[in-house]
2 protein chains.
Amino acid sequence: MDHKRATIKDIAATLRISPSTVSKALRDHPNIGVVTKERVKKLAQQLHFVPNQAAIRFKQQKSFTLGIVIPNMLDHFYVAAVEGFERFAYDNGYNVLICQSHESLQREKELLCTLQANRVDGLVIAISRETADTTHINEFVHAGIPIVYFIRKPINEEYHCVCSDVYKGATDAVAYLVSRGHLRIGLINASSFWTTSRDRFLGYRDGLIQHQIPFDKSLVQESDFTQEHNFQATRRLMQLPNPPTAILSFKDQVMLDAHNCLRREFASNADTIELIGYGANPMIQYLERPPLASLKEQPYEIGQKSGLLLLDLINHPQPGYEPQLIKVPCELQVFTA
Amino acid sequence: MDHKRATIKDIAATLRISPSTVSKALRDHPNIGVVTKERVKKLAQQLHFVPNQAAIRFKQQKSFTLGIVIPNMLDHFYVAAVEGFERFAYDNGYNVLICQSHESLQREKELLCTLQANRVDGLVIAISRETADTTHINEFVHAGIPIVYFIRKPINEEYHCVCSDVYKGATDAVAYLVSRGHLRIGLINASSFWTTSRDRFLGYRDGLIQHQIPFDKSLVQESDFTQEHNFQATRRLMQLPNPPTAILSFKDQVMLDAHNCLRREFASNADTIELIGYGANPMIQYLERPPLASLKEQPYEIGQKSGLLLLDLINHPQPGYEPQLIKVPCELQVFTA
DNA sequence: TTGTATGCGTTATCAG
DNA sequence: CTGATAACGCATACAA
C-alpha cells in the first residue's frame, strides 16, 4: 500500500509515451491531442497522482509560499488578520507560513532567517514590540523579496503598509466622548516606535483641538500589553490632581485591564469613568457591565488587502514602486445602551 | 543588490574548487581540510549564502514540513496546542503548515489534498464537527504518511491520539459539585462522534454512580459551539420539571453562553446554579461574577506530545506500531473564593 | 583530501 | 501533435 507515490515518469512509462507529453497533457496544454489527454488523466486518477509541489517549486525557482509574521495568535485581531491573508493566498495558489514573534526581536530575526531559507516569495509583517531597528527586515528588501508591513509599521521606514485608520478612529472616539460631556480625556497609548501609536496620538490630540479642549500631556500614558503596565498606566492617570473622566486605550486588552484596575482600586469612580478601546473584542459581550465602546477594526480586510498588495508586488516587480499606504476604516461600536 | 542569491556553485567557482567540496565543507564533513572549510565558510558569509531548502527538500525526498489541522484559531485552546506543536517542530528542523477547517468537512478534505501535494512528512489533526466519515484521512495512512489525532478523535478509528484526560476531569468535577451539595447535575456535551465527548459523558456518569446519584438522561444535552445552540441546551435543562442546580459543560465557551442565558432568562436562579467548563479560558478573569470552576487543560503539552509522537513515527516507521493513546491530565481550577 | 558523476520530478525549449 | 534534452541546487557514492 505505502509504495512510492506515482510520478509523471510512471505514467509515461505505463502509457509508453514521454514524460513531457504527460506533463503537458495534465496541464491541458493545447498542443496535446484529446485522446492522449484522456488516457493520461485517467491513469493519473487511478494512480492517485498528485504533482510534487517540492519539485515544481524547485524547478520554477518559486516557493509559492508566503510568510506572515505576527506578535502572537492569542489576540483575535491577529487571528482574523491571518485568516484574511491566508484565504486570499490559498485562493491564489500560495501556502502560508504563519510565524509568531512573541514580541521578541531575537525571535523575529530567527523567523526571518527561516523564511529566507524557505525562499518565501513575499512577506507580511507586524513588527514586534522590540523592533526599533529594522536591519533584518531590510535584508529581505535587498534580496528583492517584496514586503508589506501591516498593522504595525516602524515610524521611520517608508514601505508599503496596510493598517486601520486609527487616526480617524481616535478623533471619532474623542468626539463621542465630548458629546457625552467629557472634558478630561485620558489616552493609554503604546510604543512610540510605531506609526499606529503616533496616529492614535495625533487623532486624539487633533480631536481635542477640534473641540477647543486644551491638550494636557499628563493625560497621555504609555503602556505595553502586560497587565502589570496597563494597571500602572491607569493608576498614573487616576492619581493625577485632576484625573480624567474618560479614557481611550490603544487596544481592548488595555481597556479591559484599565476596567479591572478601576473596579479594584478606584471603586468609587469606577462606574463613572467611560472607557473606549480598539478592537471590539467579542468577549466583551460576556461582561456584566461592559465598557462604553470600542473602535471596531476590520482585521480580516486588512489581511486580505495585504495579500492583494503583496501578490501585486510579486507579480509586477517594479523597481520604483511608490510605497502604498492603505488605510482600512474603523468604526465606533457602542456597548452600553 | 537584488541579483540572484548565491548558490554552492557560485562559491565553488569563485574559490576554484568543486561544488561537492563546498557542500561538504559547509556541513563540516570530516573529509574536508580545515583551511578549505575556513575559506568556504568565509565566502559563504560574505555572499549571504543561505542553503536553498527547496532544493534540499527535493533532493532528500522529504519536505521537512508537518501539517496541523484544527477547527479554528479563535479558540485559545487550539492556539496553545498549535504553539506547543510548532515549537517542538521548529526545534527539530521542521516547518509547520497550520490549517483551519472551520468545522467544515469539505474544507478539511481540500486541506488534506493541499497537504498531500506539499508532501508533508506527517500530520496532526483535530477533526471537524462534520467529520463522521474518515476516508480522506485514511488516504494519508495508505500513502504511508504518519498521522496523529489530537484533541478530537473519531470514535471508531483506532489510531494514535493525544488528548486531555477528560474522563478524569469529569469525575473530578462531579465529585467537587457533590461535595458542594449538588444532587442534580446537568451536562452539556458535544458531538457523539468524538471520543472526547464520549469520555466526558462516561466520566460524568461514573462520577455520579460513585456518589450513589442516579443517572438521569434528561440531564444530558448535546450542543455544538454556536451561541444559539448553547442557549437552547441551557433552556432545555432549566425547563425540566426538576432542573439541575449545577451544570458541567463541554467547553468554557459553552459554559459562558450558559452563564449568559441564565442571567438573561432565568435571573432568579442565575446565582445559585454553579457552572463548570473545560479550558480555563483566561478571559474569565474579567468577569465580575465568574462561574464556579473550569477544568484547566494543558493544550501546549498536548501539542508538544503530538509532535513528539509524530516525529517518532516519522523517524522510526514500523508497520505494526501499536496505536498510542496519550492522555494529558487536566485539573480543576476554582474561580470563586 | 578533493573532484566527478548522477539523480531527485518537473517543465521549457527546441527538434522531429 | 509528440518526444528528447537540459536545467533547477544540492547531496552522495564513488573515483582519483
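Just so it is clear, the structure is predicted and the values come from calculations on it, not from any experiment. The sequence lines fix the lettering, A, B, ..., with proteins before strands; numbering per chain opens at 1.
A close approach under 4.0 Å does not occur between any side-chain nitrogen or oxygen of A/R57 and OP1 or OP2 of C/dT10. The phosphate of D/dT2 has OP1 or OP2 within less than 4.0 Å of a side-chain N or O from A/T36. Residue A/S20 has no polar side-chain atom (N or O) positioned under 4.0 Å from OP1 or OP2 of D/dA4. Dashed line: the shortest gap from a side-chain N or O of A/Q61 to OP1 or OP2 of D/dG9 is under 4.0 Å. Taking side-chain N and O atoms only, B/K9 has a distance below 4.0 Å to OP1 or OP2 of D/dC8. Between A/K59 and D/dG9, a side-chain N or O to OP1/OP2 separation shorter than 4.0 Å is absent.
Taking the side chain of A/I17 as heavy atoms from C-beta on, and the options C/dT2, D/dA11, D/dG3, the nearest nucleotide is D/dG3.
B/D121 places a side-chain N or O within 3.5 Å of a backbone atom of B/S63 that can act as its donor or acceptor partner.
Residue contacts for B/P19: at a heavy-atom cut-off of 4.0 Å it reaches no nucleic acid atom on any strand shown. Nucleic acid contact class of B/N52 (heavy atoms, under 4.0 Å, all strands): sugar-phosphate only. Counting any heavy atom pair closer than 4.0 Å across all strands shown, A/T21 reaches a base atom.
In the interface, the side chain of A/S18 is not paired with the base of D/dT2 through any donor and acceptor atom under 3.5 Å apart.
A donor-acceptor contact closer than 3.5 angstrom links the side chains of B/N118 and A/R57. With 3.5 Å as the limit, one finds a donor-acceptor pair spanning the side chains of A/E83 and B/H102.
Heavy atoms only, all atoms of each residue included: A/C161 and A/K153 are closest at CB-CD, 3.4 Å.
Mapping B/N31 and B/Q60 onto DNA chain D by nearest heavy atom places B/Q60 at the nucleotide closer to the 5' end. Each of B/I32 and A/R27 lies near DNA chain C, and the nucleotide nearest B/I32 is the one positioned closer to the 5' end.
Where stacking is scored as ring centres under 5.5 Å apart with planes under 30°, B/F58 does not register as stacked on the base of D/dC10.
In this structure, A/L311 and A/F88 have side chains that are in contact, with non-hydrogen atoms separated by less than 4.5 Å.
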